[in-house]
Amino acid sequence: MPASDVGGALPGLQCREMEPEDLDAVTTIEQAAQVTPWGMTHFRDCLQTEYYRCQVAVLADQPVAFLILSQILDEMHVLNIEHVHFIKN
């Protein structure tokens with residue numbers, strides 16, 4: 001699925017499905033933000049599970065946020081969500 005432009009306040013920001021190539025960046029974001037972060041194995045398992053929806057927001061082709069959803073029938077639950085904390089000058 002192609003990325004969709006969601007720029008708004010951050011021009012060039014796009015959302016797309018998470019890919020295995022994103023796991024290093026996603027794990028880095030998670031470790032920087034959480035006291036008890038998920039490991040790369042957990043994210044990899046999510047990518048391989050058909051009822052999980054894994055998305056990333058990318059800026060200049062670099063993941064800056066992610067969202068993991070669990071979908072069962074017509075219900076969805078947020079399992080994990082995080083973003084890079086930008087500092088404005």
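It should be emphasised that the depicted structure is a prediction, and the values quoted were computed from it without experimental measurement.
- In this structure, the side chains of His83 and Val64 stay at 4.5 Å or more apart for every pair of heavy atoms.
- Under the 4.5 Å side-chain heavy-atom criterion for ILVMFWY residues, no single connected hydrophobic cluster contains both Ile81 and Leu79.
- Side chains of Glu82 and Val26 form no contact here, defined as non-hydrogen atoms less than 4.5 Å apart.
- Judged by distance alone, the side chain of Glu30 and the main-chain N or O of Trp38 form a donor-acceptor pair under 3.5 Å.
- Listed here is the closest heavy atom pair of Ala65 and Ile29: N-CD1, 3.9 Å.
- Going from atom OG1 of Thr49 over to atom CZ of Arg44 covers 12.5 Å, rounded to the nearest 0.5 Å.
- Listed by first and then second residue, the ring-ring contact (aromatic ring centres under 6.0 Å, His included) pairs involving residues 12-36 amount to none (not counting sequence neighbours).
- Proximity of Phe43 to Asn80: side-chain heavy atoms (C-beta onward) are separated by under 4.5 Å at one or more points.
- Across Ile68 and Cys54, no two heavy atoms sit closer than the pair CD1-SG, 3.8 Å.
- Of all the heavy atoms in Asp24 and Met40, the pair that sits closest is OD1-CE, 2.9 Å.
- In the hydrophobic cluster analysis, where Ile, Leu, Val, Met, Phe, Trp and Tyr join through side-chain heavy atoms closer than 4.5 angstrom, Met76 is grouped apart from Ile72.
- Residues Glu17 and Gln55 meet the side-chain proximity criterion, which asks for heavy atoms closer than 4.5 Å.
- With rounding to the nearest 0.5 angstrom, the NE2 atom of His77 is 13.5 Å from the CZ atom of Arg53.
- Note that SG of Cys15 and CZ of Phe66 are 13.5 Å apart. Values are rounded to the nearest 0.5 Å.
- Between Leu59 and Leu13, the shortest heavy-atom distance links the atoms CD1-N, 3.6 Å.
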Quick one: do Met18 and Leu23 satisfy side chain to side chain contact (heavy atoms under 4.5 Å, CB included)? Show the steps, please. CA-CA 8 Å; Met18 187 184 296; Leu23 290 177; 4.3 Å; yes
